[in-house]
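Labels below follow one simple rule: chain letters A, B, ... track the order of the sequence lines, proteins then strands, and each chain is numbered from 1. Please read all numbers here as calculations on a predicted model, not as lab measurements. FYI, side chains are in, hydrogens and waters are out, and symmetry mates aren't considered; it's all heavy atoms of this structure.
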Protein chains: 2
Amino acid sequence: MTRRNQHLTLRDVSEASGVSEMTVSRVLRNRGDVAAKTREKVLEAARMLGYVPNKIAGALASNRVNLVAVVVPSLSNLVFPEMLAGVQEVLDGTELQPVIGATNYDPAKEERTLFEMLSWRPSGVIVAGLEHSDASRAMLANCGVPVVEVMDVDGDPVDAAVGISHWRAGYQVGTEIAARRYERVAVLGTKMDGDHRARKRIEGLERALSEAGIAVVDQMAYSGWSGFAKGREMTTELLARAPDVDFLFYTNDLTGAGGLLYCLEKGLDVGGALGLAGFNAFSLLDGLPRRLATVDSRRREAGQVAARIISGTHVFETEDRRVELVPTFLPGDTMRPLPGAETG
Amino acid sequence: MTRRNQHLTLRDVSEASGVSEMTVSRVLRNRGDVAAKTREKVLEAARMLGYVPNKIAGALASNRVNLVAVVVPSLSNLVFPEMLAGVQEVLDGTELQPVIGATNYDPAKEERTLFEMLSWRPSGVIVAGLEHSDASRAMLANCGVPVVEVMDVDGDPVDAAVGISHWRAGYQVGTEIAARRYERVAVLGTKMDGDHRARKRIEGLERALSEAGIAVVDQMAYSGWSGFAKGREMTTELLARAPDVDFLFYTNDLTGAGGLLYCLEKGLDVGGALGLAGFNAFSLLDGLPRRLATVDSRRREAGQVAARIISGTHVFETEDRRVELVPTFLPGDTMRPLPGAETG
DNA sequence: TTGAAAGCGCTAACAC
DNA sequence: GTGTTAGCGCTTTCAA
């Protein structure tokens, strides 16, 4: 063996089939006109040998890479896999392939991941959020391919942006709370610096409440991972120190569900005197004892649209390459009815 | 502009710094001896220009690719992101980068994804499960890099395998059920053909039960996505048609949690006359009204070990390149105590 | 310590 | 319809 490595090359297929490398290449890419008989010979040889093309060489020669870089903070938070599912769904109908990287909510890690991915010269970049380091923004601005910032539109996109406005979603929840005459609202959120979307939701909520003359009477943040237990803990603690609150807004459905379970156990009048709301509309949670009020943040669609933008099949309606999706408020069973609404 | 594309090349950096391309390359890779002054000039020029190296050309020239292909059935099922977290955690300490692909539990899609990924000549492959099409197995066997099949060891690995034995995990649950004198067990599982691990758990469970002379009195499978609602539905239906069952085994914690909530609402004697168990030990669910009996399937560790195998830092104890992790049974509060056990 | 030449495996462009 | 030639941007190798 004098071969540099164990991989087969076009040349091997060429020799095995008695067809020139170039024609072999054409067959394997379904390009140009190749005689049916030649094609057969080539495919047969390739199959027999178990030839796997070398995309690296192909990409270098053609200056085309069918990879789309997708950068998310985390895969453990379900919202990101759900967005990715939307991306994959759309890209599956194209030649493009997603390459996924996680940053752990760390801007420096994001910067490194982007650099690494851009050095593979992808055909597009999808990145969660609008907040990035200056260096990251510079890379994105200069990478020469479409860049879509997803799951948020509150800010200044480098190129395109797709998602809901978390600020407005929070604002809407605030108006719904106010309309239902809740008056002493507490916010149970996250301590994570990197979670800009949760922060924006809270800001929107606070604005709506303050416009309605309602106070946020208490606020609590946790660090670490979201789960039922965290929602329980926070709720226990919060109700202990502010027993007169009448509404609990959780920035996340999972902690909200934990809080809901806790409140039900304690026999609190959930959906009546005490209102509860989460955020994200995780379908996983359908089937809780009560449907938690929540907001569908439309992350799957965000992924779909982002993928369409990258693949060039999206038509922008506005000229600023921003696609604002409309979040859906779902009152569930944990907020009292609007005053004046009919009751069955 | 006569440039083919907008990307900067080593040559640009070379010209800007007045240093040969070769030396620029050395500086940018921290290779060989370069005078401190030269190094400075080069780094300065690269930074000023915003040079991003072209890994495609680099990989072709060096025949080295720092990518690890990771192929999983789904990202929506939390077990896979959790395994991926383990992979990422370990690879973060190396030069290697994971590239993730999802197959949607479809062997044909898996085959295509593997082919696609292998054509990028990764340094290693991590793939979930031991069941693959013949073509997939052939590709894996011949790809010339380490291949780790994760999250299962019941079968014949192509190369290395890391994970728990789902059969034995199921068997263990069965012995725990038998030891607690439950006698009429029902299994609530999945219809998905591709979910071999769930199937193996059920088989192990059935074996343990039959050895103990216990019948599986009913079985039910759902299709589609796992969530609380599915657990509720199945439980409702099952208890209607087999009201005398005394144990419900769910192949999945999420459906198990739905069932648990349902049974509690109905006032059933959960943890006493009626036993319940799920599988996977999702920490997200800590904080349910009762801790659901479950089994930790150690998927994060599986990812970690797989990544260590790929990066060459794992030392095998046996010679068959199989690492069997031991699942942990967690009785929670939904199974009655062992007979003869002390009660507080 | 630095540079020049050759070539990685493929495809674009053009010739036949 | 098929083959030939050149070269993608980098790294390996060897020479200075």
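Taking both residues in full, the closest heavy atoms of A:L130 and A:G155 are given as CD1-N, 3.6 Å, listed atom of the first, atom of the second, then distance.
The shortest distance between the side-chain N/O atoms of A:R29 and the OP1/OP2 oxygens of C:dA12 is below 4.0 Å. Contact annotation: B:Y51 side-chain N/O to D:dG9 OP1/OP2 distance is not under 4.0 Å. Proximity of A:S62 to the phosphate of D:dC8: no side-chain N or O atom is located under 4.0 Å from OP1 or OP2. Remark: B:S25 is in phosphate contact with D:dT11, judged by side-chain N or O atoms under 4.0 Å from OP1 or OP2. Residue A:R64 places at least one side-chain N or O closer than 4.0 Å to OP1 or OP2 of C:dA12.
Backbone-only engagement by A:N54 is indicated by non-hydrogen atom pairs under 4.0 Å involving sugar-phosphate atoms exclusively. Counting any heavy atom pair closer than 4.0 Å across all strands shown, B:R26 reaches a base atom.
Between B:I56 and A:T23, the residue anchored nearer the 5' end of DNA chain D, judged by the nucleotide with its closest heavy atom, is A:T23. Residue B:G18 is the one, among B:G18 and B:L60, whose nearest nucleotide of DNA chain C lies closer to the 5' end (criterion: closest heavy atom).
Closest contact between the side chain of A:T9 and the listed nucleotides D:dT2, C:dG9, D:dC10 involves C:dG9. Checking D:dT11, D:dG1, C:dC10 against every side-chain atom of A:D33, the shortest atom distance belongs to D:dG1. Out of D:dC10, C:dT11, D:dG3, the shortest distance to the side chain of A:V19 is found at D:dG3. In the set D:dG3, C:dC10, D:dG9, D:dG9 carries the atom at the smallest distance from any side-chain atom of B:A61. Distances from the side chain of B:M22 to the nucleotides C:dA5, C:dA12, D:dT2 place C:dA5 closest.
Electrostatic pairing of A:R299 and A:E82 counts as a salt bridge here, judged by a charged N lying under 4.0 Å from a carboxylate O. Looking at B:R11 and B:E15, a side-chain N of the basic residue comes within less than 4.0 Å of a carboxylate O on the acidic one, giving a salt bridge.
B:D106 places no side-chain N or O within 3.5 Å of a backbone atom of B:T103 that could act as its donor or acceptor partner.
Protein atom CZ of A:R31 is 6 Å distant from nucleotide atom P of C:dA12, rounded to whole Å. C:dC10 atom P lies 9 Å from atom CG of A:D12, rounded to whole Å.
Between B:V24 and B:S17 the shortest side-chain heavy-atom distance falls below 4.5 Å.
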